[in-house]
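Order of the sequence lines fixes the chain letters, A, B, ..., with proteins taken first and strands second; residue numbering starts at 1 for each chain. Remember, it's a predicted structure, so these values are computed and weren't measured experimentally.
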2 protein chains.
Amino acid sequence: MAKQRELRVTRQRERGTRAASGPVSAELIEREAIRLFGERTYPVVGMRDISDAVGILPGSLYVHINSKEDLLIKIVERGIRSYLDAIAPIAESEQSATIRLREAIKAHMLVLATALEQTRVSFHQWTYLSSEHKERVILMRQRYEELFSRILNDGISSGEFRDLSNPRIAVLALIGMLNSATEWYSPTGPLSPEALSEVLADNALIGLQK
Amino acid sequence: MAKQRELRVTRQRERGTRAASGPVSAELIEREAIRLFGERTYPVVGMRDISDAVGILPGSLYVHINSKEDLLIKIVERGIRSYLDAIAPIAESEQSATIRLREAIKAHMLVLATALEQTRVSFHQWTYLSSEHKERVILMRQRYEELFSRILNDGISSGEFRDLSNPRIAVLALIGMLNSATEWYSPTGPLSPEALSEVLADNALIGLQK
DNA sequence: CCTACCGATCGGTAGG
DNA sequence: CCTACCGATCGGTAGG
């Protein structure tokens, strides 16, 4: 008995990069899944990697979760929602389009900085979901795109922005620029998310030319 | 004998989305791999998917290729090299930074349009390579980044561009915007690569403001 | 290029 | 939460 317990603890140590201990929960599993999916992507992370990270055996994960895909669904939807929640009130506020765009960019970078790995999963790995869930994600992504479209269109109407020949492409390019930060943002870098968002907003609004 | 042949042909038809026939070759396998990796990503495409697409049995692939990773290496390196080859002469030319930037963006969009799936693999899936090959890719990506850095720095020196507080971030944001086209460019869309590149160049140079 | 097969690993489950 | 295990699938090979 004592020997069995010892073996088990040893195995947990071997497995466990997990800090100290604390009970295993669905939330802990999701947290480790975010980290692992963010680092190595969904299809190449095995359930055994996740169970190692939380310090239990693979089969025991299913006491807390339903399936691997269920983990992905929750991570992706929560991730996108955090962007919608942060940016919707800004896009719909009464301020000028210029100010709204600056604030939306800042909000984006703040969410990105506080949830970098979740963002990586949410914006790139939703494609691994089965079709029904993929459709729901596509709707959320459309809502997100519409927030920026609204700001741009308002800015054109009000005369703040120039008469863009193709606002749709401008929106996609802007969002693409923001999302690319998942590939180069570093929490240990010299610039804060706020400072970065000012550089990006200047680029988007003023451009490179003098 | 006749019956065996019939069975084999039938099996090939079942497998084969392959056009007409023609001999299987390393090039054909690479072409189908580009398409499949581009559509569904490297880790979730099996060798059986590739062998189905070219119309042979899985084991027979290894007459033509060495390994699955070898396919990825070739696709990724050829893909990045096509960008370096297109943009290096422009970045190193004698023209103004403004013109060079416009032409570099146009060249980028032309390569992207003519090799959309290869670009998707090259820019996003090199992360699945083993570490030694990953390092080589990182070097190529640095060269690519340096081409744009050179244009931007030249433009700042010459006074064409404003005094960017952080040129590195501006370069990464610019490249991020260009690369995002792998997610929204459609060959059947209304705008040509040239027209798109003008929209993107205007965005980068002039910005959104009036 | 096929036949026949390999060991490894995958997500997940039954029963305690 | 573990023990013990499942069928399916993976990349790849030997021998013809």
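Shown here are the side chain to side chain contact (heavy atoms under 4.5 Å, CB included) partners of A:R40, two or more places apart in sequence or in another chain: A:L36, A:V44, A:V45, A:D49. Listed by chain and residue number, B:Y144 satisfy the ring pair (Phe, Tyr, Trp, His ring centres under 6.0 Å) test with B:F148 (two or more places apart in sequence, or in another chain). Residues meeting the side chain to side chain contact (heavy atoms under 4.5 Å, CB included) test with B:P58, sequence neighbours left out: B:R48, B:S51.
Between the side chains of B:E69 and B:S130, at least one donor-acceptor pair of N or O atoms lies under 3.5 Å.
Separating the CD1 atom of B:I56 from the P atom of C:dC1 is a distance of 6 Å, rounded to the nearest angstrom. Counting to the nearest Å, the P atom of D:dC10 and the CG atom of B:L36 are 13 Å from each other. Atom-to-atom, CG of A:D52 to P of C:dC10 comes out at 10 Å; the value is rounded to the nearest Å.
Atom CG of B:L200 and atom CG of B:L178 lie 6.5 Å apart (nearest 0.5 Å). Within the model, atoms OG1 of A:T98 and CG of A:D154 stand 11.0 Å from one another, a figure rounded to the nearest 0.5 Å. Atom CG of B:L84 is separated from atom CZ of B:R143 by 5.0 Å, given to the nearest 0.5 angstrom.
Inter-residue side-chain proximity for A:W184 and A:L196 is flagged as met; some heavy-atom pair is nearer than 4.5 Å.
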For DNA chain D, what dot-bracket results from Watson-Crick or G-U pairs at under 3.5 Å, with [ ] for crossers and | for inter-strand partners? ||||||||||||||||
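Sorted by residue number, the members of residues 60-74 of chain A with any non-hydrogen atom under 4.0 Å from DNA chain C read A:Y62, A:S67, A:K68. Against DNA chain D, the stretch residues 39-50 of chain A makes no heavy-atom approach under 4.0 Å.
Within a 6.0 Å sphere centred on CZ of B:R136, other residues, nucleotides and ligands contribute 12 heavy atoms or fewer.
Electrostatic pairing of B:R102 and B:D202 counts as a salt bridge here, judged by a charged N lying under 4.0 Å from a carboxylate O.
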